[in-house]
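Below is one structure, written out as structure tokens, with a few remarks after it.
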Amino acid sequence: MPSMASNNYHSQPKPDSFARRQKLEQQRKSLPIASVEKRLLEEVRKNDTLIIVGETGSGKTTQLPQYLLNGGFCRDGGVIGITQPRRVAAVSVAKRVAEECGVPLGQKVGYAIRFDDATSSSTRIKYLTDGLLLRESLLDPSLSKYSVIIVDEAHERTIHTDVLLGLLKSVQKIRSQVANKLMSNDSIKGKNGLLLKAGHGDLLKPCHGRKLPPLKLIIMSASLDARVFSEYFSGAKAVHVQGRQYPVDILYTLQPETDYVDAALITIFQIHLEESPGDILVFLTGQEEIESVERLVHERLRQLPEANQKLLTFPIFSSLPSEKQLKVFMPAPAGFRKVILATNIAETSVTISGIKYVIDPGVVKARTYDADTGIESLDIVKTSKAQALQRSGRAGREGPGKCYRLYPESEFEKFENSTTPEIKRCDLSNVILQLKALGIDDIAGFDFIEKPNRIAIVRSLESLFLLGALTEESKLADPVGHQMARLPLEPMYSKALILANQFNCLEEMLIIVAMLSVESIFYAPRDKLEESRTALKCFSSPEGDHLTLLNVYRASTEFLEKNKLTNSKEKAEKNLRKWCKENFVNSRSLRHAQDIHRQIKKSIEQMGFRITSCGDDMLLFRRCLAASFFLNAALKQPDGLYRILSSGLMVQIHPSSILFRSKPECIIFDKLVRTNNSYIRNLCRIDYLWLPELAPQCYGFQE
DNA sequence: GATAGTATC
């Protein structure tokens, strides 16, 4: 049982709880969706698939599951699952709904996200991330415990949402067939071939002794265009639910701006000097841009009369340490106006109160994936109409607001309606591995809501084959493919763990894989660049970044363990955060790495692997890295550039690498990212001759 | 000698 539920157990007769419950009830009843409760229930009863288009503030995410529960959709122990693209949303909405229901969190109402499961056998309304539901489907392909699944925020079209939609469509078909045929022995197969491998037997097991009812599916989207979903679900009915937002005045420029940073600056001061009180939210593309705008604001501010200087800037982006992020949420001192300089983190992930003005330059840094080369890059591109709408909406949450779009209206008309679905702009190896594990072998024929690039599929199939996850017939290899699919990691990392078991360096590899799985372990603000470099030196290894990361992880664990001997757990963790700060380590990233380490260690042990260490034999460990990351091997060229052996691409070592200066002859790397140049990050020195020996499938001599 | 948008298992 989750700890949170037990906390609430003793706290029911609070004196103000009745008043609070009444207030909550009142708020519930005043939500726009409340007026259509009966109709929605009726539609869900009539239609197996329903699309609900609900604008911000309609209350769909919190209310619909409660309506369904009260409407009897959990009879026979069925669970209502509501998926969210983000962890924080799953947790916060579940908390709210538990409160509205007057029950302790983790009982009737709960949530499940990676590393944190607050559900129990009595949970009927379960909020979870879409990625986690995908994982659940590997263990239970018919999702037998769910009577209803609600896919929320479907318009965001994350890769998980897209794969999930395909899967759910297939599960739904199978479950309705099972229900109709009443467990006849006819071969049952969805269009997506879900049962090919999951097997009939597997599907029927959960319904032994009880009939598996058809799966009700509800797709919730904030986009104005429900047609895509409706068409995908064979003309499913779409219902519109009103939202509740304050009006936002949209202002365009007359002419296109040549320099949106400058235009943003001018607009900030125009608002500051001429408009009524209220905070400003500015959307920028990245950390560097945010930091430079911050400096420029301060510069110009100093030139103003002192009475006009009451303006404070707050940066926010994901790699900003949490304690600095939190400052954004504190109200400005009396008489001061806040300017929040944000990346698109403030579009959906983070909601800041007090915003009355939004400045939107109409650009965003977006990931693109070139299937031909396999290179991911981050490019500044124009936003979509949907994104622009989302941004302007941030000004109308607490009262009427204004949004300054730094481009002409004619430009807006040229924007795409919505952002390209993620599945069309990323590497597909992981998705393919998951689908294969579900018994779906024909990836190109899978009924995706939007088909991924065919070349991207071929490329991923090929690398999965070279990693030994797939057979020559492109089936999941036994046991390596199955083992890799079980681990919640990128395929190459899973492979590294499986090999590390054979090389007897699992202890080290578990740490490396956890550290590589998180974003930016090191945080170096520009003004402390030298200091951070000195700090890093204590950990650095001449063999490369992998061993450096290993040293950092071990040093941090050692520090924490020692601290725990003389301090309470809380105090020790606080000291660790201090240690992180002194060593320019992002403590949030480090904790994330620890979480991942704990989780994959458990999975690895469950798979029957024994965790052994290679001690000081780093040669052995580097050989294991070479055997796993052979697809990312590169060789130094006479001009100092590196040539990636598997693709022939010419790349450079990123200056943040420990090996930037030493430039070894042959290396493996973790990631290739294109910015101004093609840079490889996180490298380890290897011996060129290891490649044909350890990865003959890729570097074998041809006869 | 340069930066890393946002998520997730």
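Because the structure is predicted, anything quoted here is derived from the model rather than measured. These values consider heavy atoms only, across backbone and side chains, with no hydrogens, waters or symmetry-generated copies. Lettering follows sequence order; numbering is per chain, from 1.
- Distance, A:Asn344 CG to B:dA4 P: 14 Å, rounded to whole Å.
- Proximity note for A:Arg87 (side chain, C-beta onward) versus B:dA2, B:dT8, B:dG1: the nearest is B:dT8.
- Screening A:Glu665, A:Gln637, A:Lys663, A:Met650 against A:Tyr642 for a side-chain contact (heavy atoms from CB on, under 4.5 Å) leaves a single residue, A:Lys663.
- Atoms OG1 and CZ, on A:Thr129 and A:Arg87 in that order, are 7.5 Å from each other to the nearest 0.5 Å.
- In this entry the distance linking CD1 of A:Ile345 with C1' of B:dA4 reads 13 Å, nearest Å.
- A salt bridge does not link A:Glu411 to A:Arg405: none of the charged side-chain nitrogens sits closer than 4.0 Å to a carboxylate oxygen.
- Using a 4.0 Å heavy-atom distance criterion, A:Thr343 is classed as a sugar-phosphate-only contact.
- Between A:Ser318 and B:dT6 there is a side-chain N or O to OP1 or OP2 distance below 4.0 Å.
- Checking the phosphate oxygens (OP1, OP2) of B:dT6, no side-chain nitrogen or oxygen of A:Lys365 falls inside 4.0 Å.
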Taking Watson-Crick and G-U wobble contacts under 3.5 angstrom, with | marking pairs to another strand and [ ] crossing pairs, the secondary structure of DNA chain B is written .........
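- Taking atom CD of residue A:Gln325 and atom P of nucleotide B:dT6, one finds them 9 Å apart after rounding to whole Å.
- Residue contacts for A:Leu134: at a heavy-atom cut-off of 4.0 Å it reaches no nucleic acid atom on any strand shown.
- Rounded to an integer number of Å, the gap from A:Leu164 CG to B:dC9 P is 13 Å.
- Comparing B:dG1, B:dC9, B:dG5 by their closest approach to the side chain of A:Gln287 singles out B:dG5.
- At whole-Å resolution of the value, CZ in A:Arg533 and C1' in B:dA2 are 9 Å apart.
- Within 4.0 Å (heavy atoms only), A:Arg135 reaches at least one base atom of the nucleic acid.
- Remark: P of B:dT8 and CD of A:Gln84 are 11 Å apart, rounded to the nearest angstrom.
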Contacts under 3.5 angstrom, residues 486-493 of chain A side chains, donor-acceptor by atom type, not counting sequence neighbours:
residue: A:Glu490; atom: OE2; partner: A:Lys671; partner atom: NZ; Å: 3.1
residue: A:Tyr493; atom: OH; partner: A:Asp670; partner atom: OD1; Å: 2.7
residue: A:Tyr493; atom: OH; partner: A:Asp670; partner atom: OD2; Å: 3.2

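- Contact annotation for A:Glu519: base contact, defined as any heavy-atom pair under 4.0 Å involving a base atom.
- Proximity of A:Ser656 to the phosphate of B:dT3: no side-chain N or O atom is located under 4.0 Å from OP1 or OP2.
- Using a 30° and 60° split on the angle between ring planes, A:Phe415 and A:Tyr407 fall in the tilted class, from 30° to 60°.
- Partner A:Arg674 forms a side-chain contact (heavy atoms from CB on, under 4.5 Å) with one of A:Thr373, A:Val651, A:Leu378, A:Asp379 and no other, that one being A:Asp379.
- The distance from atom CZ of A:Arg598 to atom C1' of B:dC9 is 16 Å, rounded to the nearest whole Å.
- Between B:dT6 and A:Thr158, no contact under 4.0 Å exists linking OP1 or OP2 to a side-chain N or O.
- A salt bridge links A:Glu422 with A:Arg367: the distance from a Lys NZ or Arg NE/NH1/NH2 to an Asp or Glu carboxylate oxygen falls below 4.0 Å.
- Across B:dC9, B:dT6, B:dG1, the shortest atom-to-atom separation from the side chain of A:Arg114 is found for B:dC9.
- Using a 4.0 Å cut-off between a side-chain N of Lys or Arg and a carboxylate O of Asp or Glu, A:Glu288 and A:Lys365 do not qualify as a salt bridge.
- Applying the 4.0 Å criterion to OP1 and OP2 of B:dT3, one finds that A:Asn676 has a side-chain N or O inside that range.
- Across the interface with DNA chain B, nearest-nucleotide mapping of A:His654 and A:Leu487 shows A:His654 to be the residue nearer the 5′ end.
- For the pair A:Glu289 CD and B:dA4 P, the interatomic distance rounds to 12 Å; values are reported in whole Å.
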